[in-house]
Protein chains: 2
Amino acid sequence: MIDVAIELIAERGVRDFSVAEASRRLGVAPSAPYAHFSDRDELLAAVTVRAYQSLFGEMQPAIEGITDPGERLAAMASAFVRFAATNRALFSVLYESGVDKADHPEIESAEQPLARAILGAVRALTPGSDLQSDNLATAVEATARGFALLLLDGDFGSGAGAIERAADQTARATKALIDGRHMLAGPTGEN
Amino acid sequence: MIDVAIELIAERGVRDFSVAEASRRLGVAPSAPYAHFSDRDELLAAVTVRAYQSLFGEMQPAIEGITDPGERLAAMASAFVRFAATNRALFSVLYESGVDKADHPEIESAEQPLARAILGAVRALTPGSDLQSDNLATAVEATARGFALLLLDGDFGSGAGAIERAADQTARATKALIDGRHMLAGPTGEN
DNA sequence: GTCTATACCCGGATAGAC
DNA sequence: GTCTATCCGGGTATAGAC
């Protein structure tokens, strides 16, 4: 069921995904899924959990063996962008499902490994300052997500090299942010 | 009509916006709007045009008087993030309407002033290298968009200071990218 | 666990009169 | 330009039998 849902989401987007159509594709009655998921949102929540697992699963090999924290963080950002392009459906579910995380605690626990990995690398780069760590993490997340969206919007072209170009630029931008991390906190309002 | 549409989008999101509901709210028949817009997409296209005008309109005062190109670019990024928070509906229409720009040339011309402004500031920062200019512009766009989304997702808190915190961090991150702009192009695959 | 059937909601869009 | 009426499609979710 979940697999079919992902397939469908890839074709029509999360917002236009319907339980009915998924049932049709599975060759079962429209009511069948409701025996397993109480409603549409619960099904989408299950897909979201898988999305986080999948994302983390692709990120791990991308950073293993990299010891420099800066390189690690850049590799994570790159992997994130690649994931978005390679798994559009799962990526879109992460941010566009419209499902309230607060209603589905499974989601929040599924995203923890990822959060932990990011925080680990960031902490190593900004020792002693939790504020700076938070700011750097946020900046990298924003940048990676932005690059992913630009890539999906076709801003890097639609050809073969698009993904690699985007991933490369993401890594470079991440390193630029790391280089300038001291500017993320400091004078003017002491955030 | 357009005003009501914006109001509605603010409440239910672009994807769930319906011409029928807008008509109801205006107190007219569901078919009335179709005398002015051939279909739902054309109405959304009109809203999108207004969104770009509005965005550019808010950006101009935010940068007037700033001569340093770096400061200008940072101010633009900040203004973008503020715009997203202050005009959720218009911001969401920019990226989530599902309307194909290619089908509505009005949109493409409406975004030109903005593109021009960005390119102007970026060019001044990377004289002589169109590649570097493009890369910097892309990185800044990605970052600003990412920060805007994090802000809308509540990652900066929901209180009063959230917008300013996000805008401030956006400006700082933008400056960090500018500082490291030389790293956005160069060795390894010569993008 | 799955079926059939059903109740109920919604939307887009058109035709033709005023 | 707006109305009424209508046709078409779609989806969520439940009830009750097998």
Side-chain angles (χ1 to χ4, degrees), chain A residues 1-51 88-90 92-107, chain B residues 1-51 88-90 92-107:
Chain A
M1 177 76 220
I2 294 181
D3 291 322
V4 175
I6 294 172
E7 194 180 295
L8 232 173
I9 291 169
E11 292 169 23
R12 334 205 312 194
V14 207
R15 289 335 270 230
D16 291 339
F17 158 81
S18 80
V19 179
E21 171 71 20
S23 306
R24 232 170 285 142
R25 203 165 289 203
L26 270 171
V28 301
S31 64
Y34 290 95
H36 306 272
F37 304 95
S38 68
D39 59 13
R40 183 177 176 275
D41 276 13
E42 198 150 302
L43 170 53
L44 284 179
V47 176
T48 308
V49 167
R50 176 168 299 192
R88 264 189 116 103
L90 293 179
S92 75
V93 146
L94 291 182
Y95 301 112
E96 300 163 21
S97 75
V99 177
D100 191 345
K101 288 181 184 180
D103 297 341
H104 302 269
E106 335 116 51
I107 297 180
Chain B
M1 178 73 221
I2 293 181
D3 291 322
V4 175
I6 293 172
E7 195 181 294
L8 233 173
I9 291 169
E11 292 170 23
R12 333 206 312 195
V14 208
R15 291 331 271 231
D16 291 340
F17 159 80
S18 79
V19 179
E21 172 70 21
S23 305
R24 233 170 284 142
R25 204 165 287 203
L26 270 171
V28 302
S31 62
Y34 290 94
H36 305 272
F37 305 94
S38 68
D39 59 13
R40 182 177 176 276
D41 276 13
E42 198 150 303
L43 170 52
L44 285 179
V47 176
T48 308
V49 167
R50 176 168 300 192
R88 266 188 115 104
L90 293 179
S92 75
V93 146
L94 291 182
Y95 301 112
E96 300 164 21
S97 74
V99 177
D100 191 346
K101 289 180 184 180
D103 297 340
H104 303 268
E106 335 116 52
I107 297 180

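Model, not experiment: these values are computed from the prediction.
Looking only at side-chain heavy atoms (C-beta outward), A/R15 and B/V14 stay at 4.5 Å or farther from each other. The side-chain heavy atoms of B/T48 and B/H104, taken from C-beta on, include no pair separated by under 4.5 Å.
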side-chain contact (heavy atoms from CB on, under 4.5 Å) between B/D3 and B/R50, worked out:
CA-CA 10 Å; B/D3 291 322; B/R50 176 168 300 192; 2.8 Å; yes

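C/dG12 atom C1' lies 16 Å from atom CZ of B/F37, rounded to whole Å. A straight line from CZ of B/R15 to P of C/dG11 spans 16 Å, rounded to a whole angstrom. Note: CG (A/L43) to P (D/dA13) measures 11 Å, nearest angstrom. The CZ atom of B/R40 sits 9 Å away from the C1' atom of C/dG11 (whole-angstrom rounding). When rounded to the nearest whole Å, the span between CD of B/E42 and C1' of C/dA13 equals 14 Å. B/D39 has its CG atom 16 Å from the C1' atom of D/dC8, to the nearest Å. Between the C1' atom of C/dG1 and the CE atom of A/M1 lies a distance of 14 Å, rounded to the nearest Å.
Separating the CD atom in A/E11 from the CG atom in A/D16 is a distance of 12.0 Å, to the nearest 0.5 Å.
Ranking C/dA13, D/dG1, D/dT12 by closeness to the B/H36 side chain, first place goes to D/dG1. Nearest to the side chain of A/A20, among D/dT12, C/dT2, C/dG12, sits D/dT12. In this structure, of C/dG11, C/dT4, D/dA13, it is C/dG11 that holds the atom nearest to the side chain of B/E21. Nearest nucleotide to the B/Y34 side chain, out of D/dT14, D/dG11, C/dA13: C/dA13. For A/V28, the listed nucleotide lying nearest its side chain is C/dC3; candidates were C/dC3, C/dT14, D/dT12.
Test B/L43, B/V47, B/V93 against B/F17 for side-chain contact (heavy atoms from CB on, under 4.5 Å) and you get one pass: B/L43.
Within 4.0 Å (heavy atoms only), A/R12 reaches sugar-phosphate atoms of the nucleic acid but no base atom. Within the nucleic acid shown, B/A32 comes within 4.0 Å of sugar-phosphate atoms alone, with no base atom in reach, counting heavy atoms only. Using a 4.0 Å heavy-atom criterion, one finds that A/A35 contacts the bases of the nucleic acid, with or without backbone contacts as well.
For B/S31 against D/dT4, a side-chain N or O and a base N or O form a donor-acceptor pair under 3.5 Å.
At the phosphate of D/dG11, OP1 or OP2 sits under 4.0 Å from a side-chain N or O atom of A/R24.
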